[in-house]
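All remarks here apply to the structure that follows.
Residue numbers start from 1 in every chain, and the chains themselves are labelled A, B, ... in the order their sequence lines are given, proteins ahead of strands.
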Amino acid sequence: RKEVEQDPGPFNVPEGATVAFNCTYSNSASQSFFWYRQDCRKEPKLLMSVYSSGNEDGRFTAQLNRASQYISLLIRDSKLSDSATYLCVVQSRDSNYQLIWGAGTKLIIKP
Amino acid sequence: NAGVMQNPRHLVRRRGQEARLRCSPMKGHSHVYWYRQLPEEGLKFMVYLQKENIIDESGMPKERFSAEFPKEGPSILRIQQVVRGDSAAYFCASSPVGVEGNGYTFGSGTRLTVV
């Protein structure tokens, strides 16, 4: 079983729609969680951290469910520029704080 | 205010040659991480370095791969006797500290193609 699992997609979504992805992690000792965005053939960029109480940044909402060991990302009013691969990242003390990456979920926003 | 600088952006090597990938961290960052990304896959951790120290190399293949971060100059990822399977994007990231809660800043990557 992979440490961090994501549905690879692609998710094909019309512009303006709401889309949500989930990510599951296997290490119950994981402590920090992030969503990164990666555009085609470019470096990953931090989208947002994920906090226990859930957090929002504009059209983006991230939630953490520790009991079920999953993280979610919700994008409202999607824009064409949201098309990218979204990477779920987990960090834990017992892996020396290394970032453990999911393989990513590809999102395509269509006009 | 330069970010993480990686060079070259693209590198083509014939099988059996050596590849040297360079990474200069952001100003003020003393922690460097190297990752490899194969097509359609996520990033795989390779090595974590501080100046003159390898902190964690658990992701490095046992043979042909080495990394260093000297007191002066960039971090270098060195691949000897490259094979086709080494073709990938190699990303370097840096951070000011190496503890939980810190997202990293990535360089633009080096795309290695072995022919």
Side-chain angles (χ1 to χ4, degrees), chain A residues 1-10 21 23-27 29-52 55 57 60 62 64 71 73 84-106, chain B residues 2-7 9-11 21 23-26 29 31-50 53-60 87-113:
Chain A
R1 184 187 171 189
K2 291 182 180 177
E3 289 187 76
V4 179
E5 294 206 62
Q6 295 183 252
D7 182 340
F21 322 127
C23 159
T24 58
Y25 60 94
S26 60
N27 185 354
S30 298
Q31 295 164 291
S32 300
F33 309 89
F34 308 91
W35 283 103
Y36 275 73
R37 170 194 169 128
Q38 187 174 27
D39 292 288
C40 187
R41 302 184 68 77
K42 300 233 174 130
E43 74 274 22
K45 292 186 178 176
L46 180 66
L47 179 66
M48 58 196 303
S49 301
V50 185
Y51 301 120
S52 296
N55 49 297
D57 182 1
F60 298 83
L64 169 63
I71 307 142
L73 178 67
T85 296
Y86 290 83
L87 302 164
C88 173
V89 186
V90 171
Q91 194 176 30
S92 65
R93 185 180 294 125
D94 63 1
S95 65
N96 201 27
Y97 296 110
Q98 295 311 319
L99 298 183
I100 309 298
W101 297 75
T105 297
K106 188 169 184 178
Chain B
V4 178
M5 304 300 292
Q6 285 188 253
N7 67 81
R9 290 291 300 273
H10 300 275
L11 181 61
L21 288 62
C23 170
S24 296
M26 276 187 74
H29 288 191
H31 298 249
V32 165
Y33 313 82
W34 284 94
Y35 290 85
R36 177 164 64 176
Q37 187 175 32
L38 296 170
E40 308 301 321
E41 293 191 14
L43 277 75
K44 292 286 189 270
F45 167 76
M46 299 183 77
V47 62
Y48 163 30
L49 309 111
Q50 295 177 24
N53 273 314
I54 296 175
I55 306 303
D56 182 350
E57 55 181 350
S58 57
M60 288 280 271
S87 296
Y90 292 83
F91 289 100
C92 167
S94 72
S95 73
V97 292
V99 295
E100 67 173 308
N102 288 284
Y104 303 164
T105 302
F106 279 83
S108 300
T110 293
R111 274 160 187 81
L112 173 65
T113 303

Point to revise | Portion of B/Gln6 that has a non-hydrogen atom of chain A nearer than 4.5 angstrom | key: neither
Practice item. Return the orientation label for the A/Tyr36 and A/Phe34 ring planes: parallel under 30°, perpendicular over 60°, tilted otherwise. Key: perpendicular
Study note, to complete from the structure: Of the listed A/Arg41, A/Lys106, A/Gln38, A/Lys45, the one with the largest count of heavy-atom pairs under 4.5 Å with chain B is A/Arg41
Exercise for review: With sequence neighbours left out, write down each residue that passes salt bridge (Lys or Arg N to Asp or Glu O under 4.0 Å) with A/Asp39, or none if nothing qualifies.
Suggested key: A/Arg37
Point to revise | B/Phe91, part contacting chain A, at a heavy-atom distance under 4.5 Å | key: side chain
Review point. For atom CE of B/Met5, is the number of surrounding heavy atoms from other residues, nucleotides or ligands below 6.0 Å larger than 12?
Key: no
**Study point:** Region of A/Gln6 that comes under 4.5 Å of a non-hydrogen atom in chain B
**Key:** neither
Study note, to complete from the structure: Hits for ring-ring contact (aromatic ring centres under 6.0 Å, His included) against A/Phe33, two or more places apart or cross-chain, chain-then-number order -> A/Tyr25
